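Quick caveat, the model's predicted, so the values are computed rather than measured. Proteins get letters first, then strands, A, B, ... in listed order; numbering begins at 1 in each.
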Amino acid sequence: MISVRLEERNDFAEWRGKARQLLLAGVRPEQVIWRGPGEENGLFEAGDSMLPSGEGAVGSVPPAFIELGQLAICNNDPERFALLYRFLWRLLEDRGLMTAASDPDLLRLTGMASAVRRDSHKMKAFVRFKAVIDDSGLERFAAWFEPEHFILERTAPFFERRFAGMIWAIITPYRSAFWDGQELLFGPGGQKSDVPEDDAVEGDWKTYFASIFNPARLKIGAMKGEMPMKYWRNLPEAELIAPLIRGAREAEREMIERVSSQPPARHLRRPSEVPAVQDGEREVASLAEARAAVQECRRCPLFEFATQAVFGEGPEAADVMFVGEQPGDQEDLAGQPFVGPAGKVLDAAIEKVGIDREQVYVTNAVKHFKFEPRGKRRIHQKPNGGEVEACRFWLNLERAFVKPKVIVALGATAASSLLGKAATISRLRGAPITMDDGTMLFVTNHPSYLLRIPERERQEEKRAKFEADLVLVRDAIERVRTAQNSVASHT
Amino acid sequence: MAALTLRRKLAVLSDAAKYDASCASSGTEKRNSKASGGIGSTEGNGICHSYAPDGRCISLLKLLLTNFCIYECSYCINRSSSNVQRARFSVEEVVGLTLDFYKRNYIEGLFLSSGIIRSPDYTMEEMVRVARSLREDHHFAGYIHLKVIPNAAPELLAEAGRWADRLSTNIELPTDLGLEALAPEKKPSEIRTAMARIRGKLAEAAPEPKTKAEKPKYAPAGQSTQMIVGADAANDEAILTRAAGLYSGYKLKRVYYSAFSPIPDSSAKLPLKAPPLLREHRLYQADWLIRFYGFDVPEIVAGGEGGLLDLAIDPKLAWALKHRERFPVNVNRADRELLLRVPGLGTKSIERIITTRRHHSLRLEDVARIVGSIDAVRPFIEAVDWTPGGMTDDAKLKAKLTPQPEQLSLFA
């Protein structure tokens, strides 16, 4: 038997040096007794002085083992040194061992590592600093913390990053950490009395703790699972827990039984902030009023999930009105029609054929976005006949106020809304249809149709056809303008 | 009115904030105070600094700037007609409390909400001032969560996101009609428009993959919302459908579900009973399955009856019991998507199963070591030495897997 003595409780580098020596000497795990600081050698154990120096190749281990070892060695389990060595020995024979999640030795080591990680996390959470003003008027902070494992060294840098602008000390039973604003230093352990008992803000903290607790939601097990009682003795708020729990049932009963009383005078004096509920049926006297009223629309169920109603945009006296199907994802978010990819296609085509974009009113047959949520995306869904029918009310208002001479239906939904019956683009495009009020209606594809064609060649072909339709629209607008001008010059 | 002490205000304005479910401080950028010499850090994962006896973590100093409110939302303790004691913090008082608490390591940061006073813009501006002062005057690098007043000006939303780690706009109730009935001043479309604006700002701030150009930061921990459960008649299907619509529409990090809790001086419109905590828990489980396990809303709701989740068992088990034809799943061969459907297997266990099986074929005992508790898993898997046989189709399986009701000790 060889007895190996370590100076530190939690220094992986030191353990690693000893382990190298043992491996070089070919010492099997069961021949080693590991001793931490302060432990006595057994009577018949040989010391480690005759082990080789530790120079020389002993094989390599995956980085994951080093990481695991650095954590596990901070565990207070007296067997950690021996277990690490046994696992290392096995690992050098079987490189796959590190990923064998069901191996008992590995499970024990990962368990030790998790306990260390958890204790370190709890230290970040449960350290409570107390402030003192020193003789020079400087505010200093000190905390007493009793970790379950040897975690101070690996956790102190967290406090350094967090409280860089403070001067602080954390005292634990086995070691202490100090930050003077410049440097992180470690010293010997201490005791609770090394840290001041009082802090001026602690009373506020307890007030907060007691007030934020909702007695109607008592879940003691959940609290204890996350805040184990072993930490309570150093948490100032913990003394409140028992009384809060004792009073919870009574407090809840009181909440339930205290029914509404007479409102305070302030409430009775307040101006009524509630506008009368509107259902979109009220009279609207202008385009602006229609734009406001459409936000209250309940004519079909689509309002419930869309962000907002997207009304048309453009000059109120536009000669031409483009009508699409419905707002898409981007239009729904922005509250404006044709701002997404299809809008860009439309804008490009309008510009190309020479229609003045500034003189165009754009809108949709349906004002709310219809979609199906799929993961992180909203998938466009075609509005049904009832929804198109319900929304025609708004489109008709837009037509009535804007009075366009030419309307362009983009796609079948727009065409069927404007014509009041099912529509087929291929049959209707290419020539204007005169509507009941004399308006000229042109029918063409929706620009998003062009975006959905995968083959480049076919896309170009359809785009050319789309633009040809818009050329007809442009010529019609010009004819209307010329006619208007001549009427104007004759009167 | 006699002036209240700071401590009394703290009691009133934290009591007023206790009905808000969210308290998370995770998911933001990493930063610390070493360069600035100020205080504060965030390392990605939030830290819960304490736990109240209600089992909820205390991570942030959760306060209302004021509980005076001009609105009359029936479910809210601070509604205009309530006789609750009122108080108002100054901007400086909230900043001071946050710093004092943070320096003692009581908290990760501040979660500031407010009743609406004067106007939405005025109220939002005050909240923004708190955050600005913490960041600019005190070099505070801790976490800040601001509650958005829905119809505040877009410029205020833009500035709020410059200082805050997270913004949230509460949807309050699952249906628009429910909201209108209980909160007449709140407009559902204004709430959703605020979320849409935040989403737009978040997208603008996202780094360009190619140029990697630094852009002005905007709410690096994203946005979240809260929905009250059990104050109106909406069922779980309505709640989860709303949540799915919000996740897909506004890139929310979280939807918080808050079991409606009786409030003192409560409106007669509302159910005066203990909050439906178990229902809230099942909704969180269902939400989790939607976000991380590839389930969709109809599938999850179909695990229960009549649009309500099964309260006795978790929603994944409920789904599996109604789809026994899809089991057993072979842990040595099945792909990830199938493993995600097995009751009792979580994403972490599944990762470990997949890594381990590259080198070693898994026996039931191996799976048991990985998952911790094998009882729920056993009827639904096959391993090298294990097939469940008739167990999967056992008519009594649900009864066997239903946890026995626990006697909760009140005075433990």
Side-chain angles (χ1 to χ4, degrees), chain A residues 96 99-102 107 124-125 127-129 141 161-166 199 201 203-205 207-209 211-214 216-220 222-223 226-227 235 237 241 244-246 249 255-256 258-261 263-264 267 270 273-274 295 304-305 307-308 333 373-378, chain B residues 7 10-11 14-15 18 32-34 37-41 47-55 58 62 70 80-81 83 100-101 103-106 176 184-185 189 192-193 196 199-200 244-245 248-249 261-268 272 274-275 277 352 355-356 359-360 366 369-370 410 412:
Chain A
T99 54
S102 56
L107 273 170
K124 294 173 187 174
V127 155
R128 297 282 181 263
F129 283 115
F141 294 84
R161 291 188 293 276
R162 172 156 294 192
F163 300 111
M166 285 167 26
D199 179 280
V201 175
D204 288 337
W205 171 236
T207 300
Y208 176 67
F209 185 81
S211 308
I212 203 71
F213 159 60
N214 183 349
R217 300 183 56 109
L218 207 57
K219 276 188 184 171
I220 300 162
M223 171 188 65
E226 298 294 341
M227 191 165 69
L235 295 172
E237 67 272 26
I241 293 173
L244 284 174
I245 292 171
R246 261 198 308 277
R249 213 188 314 205
M255 282 165 88
I256 293 177
R258 231 181 86 193
V259 292
S260 52
S261 43
H267 172 74
R270 88 185 174 135
E273 298 282 328
V274 195
Q295 291 304 335
E304 180 97 42
F305 290 94
T307 302
Q308 53 199 325
L333 297 173
R374 204 169 298 161
K376 291 183 176 172
R377 294 177 57 213
R378 301 191 290 184
Chain B
R7 189 167 295 175
L10 176 63
S14 50
D15 186 277
K18 73 185 174 194
N32 63 56
S33 50
K34 288 204 77 174
I39 58 160
S41 66
I47 297 175
C48 301
H49 286 260
S50 195
Y51 289 83
D54 52 20
I58 297 174
K62 192 155 58 166
I70 57 176
S80 168
S81 67
N83 275 306
D100 278 348
F101 278 20
K103 285 180 181 171
R104 283 154 183 83
N105 202 41
Y106 299 157
D176 284 9
E185 285 103 341
S189 68
R192 293 195 284 269
T193 303
R199 187 203 145 162
S248 61
S261 161
I263 48 177
D265 200 23
S266 178
S267 156
L272 289 176
L277 296 180
R352 293 174 71 200
T355 2
T356 307
H359 303 281
H360 308 264
D366 299 314
R369 284 205 203 97
I370 288 172
L410 265 181

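Among A:Ala216, A:Ala100, A:Ser211, the residue with the largest count of heavy-atom pairs under 4.5 Å with chain B is A:Ser211. Heavy-atom pairs under 4.5 Å with chain A were tallied for B:Asp54, B:Leu277, B:Asp176; the largest tally goes to B:Asp54. Ranked by heavy-atom pairs under 4.5 Å with chain A, the first of B:Gly40, B:Ser80, B:Ala196 is B:Ser80. With chain A as the partner, the residue from B:Cys48, B:Ser50, B:Gly37 showing the most heavy-atom pairs under 4.5 Å is B:Ser50. When A:Gly165, A:Pro264, A:Gly375 are compared by the number of non-hydrogen pairs under 4.5 Å with chain B, A:Pro264 comes out ahead. The choice from B:Thr193, B:Ile58, B:Thr355, B:Asn83 that makes the most heavy-atom pairs within less than 4.5 Å of chain A is B:Asn83. With respect to chain A, the highest number of heavy-atom pairs below 4.5 Å among B:Ile39, B:Asn32, B:Ile370, B:Asp100 belongs to B:Asn32. Annotation: maximal heavy-atom pairing with chain B below 4.5 Å, among A:Phe305, A:Phe209, A:Trp205, occurs at A:Trp205. Note: A:Glu304 leads A:Gln308, A:Met223, A:Met227, A:Glu304 in heavy-atom pairs under 4.5 Å with chain B.
For the atom pair B:Ser248 OG and A:Arg377 CZ, the distance stands at 10.5 Å (nearest 0.5 Å). Between A:Met166 atom CE and B:Ser33 atom OG the span is 9.0 Å, to the nearest 0.5 Å. Considering CZ of B:Arg104 and CZ of A:Phe163, their distance stands at 10.5 Å, rounded to 0.5 Å. How far CG of B:Asn105 is from CZ of A:Arg128: 6.5 Å, rounded to the nearest 0.5 Å. Considering CZ of B:Arg199 and CG of A:Leu333, their distance stands at 5.0 Å, rounded to 0.5 Å.
Closest of all the heavy-atom pairs between A:Arg217 and B:Pro275 is CG-CG, 4.2 Å. Shown here for B:Tyr51 and A:Glu226, the closest heavy-atom pair between the two residues is CZ-CB, 3.1 Å. Taking all atoms of both residues into account, the shortest heavy-atom contact from A:Lys124 to B:His49 is O-CE1, 3.7 Å. When all heavy atoms of A:Leu218 and B:Pro53 are compared, the closest pair comes out as CD1-O, 3.6 Å.
With sequence neighbours excluded, the residues satisfying side chain to side chain contact (heavy atoms under 4.5 Å, CB included) with A:Asp204 are A:Val201, B:Arg7, B:Leu10, B:Leu97, B:Phe101. Remark: A:Ala222 engages A:Lys219 in a side chain to side chain contact (heavy atoms under 4.5 Å, CB included) (not counting sequence neighbours).
B:Asp366 places no side-chain N or O within 3.5 Å of a backbone atom of A:Ser102 that could act as its donor or acceptor partner.
Side-chain atoms of B:Ser14 and A:Phe213, non-hydrogen and from C-beta on, never get closer than 4.5 Å to each other.
A donor-acceptor contact closer than 3.5 angstrom is absent between the side chains of B:Arg192 and A:Thr307.
Of the two parts of A:Ile212, the backbone and the side chain both hold a non-hydrogen atom closer than 4.5 Å to a non-hydrogen atom of chain B. Looking at B:Ser261, the atoms closer than 4.5 Å to chain A (heavy atoms on both sides) all sit in the side chain, from C-beta outward.
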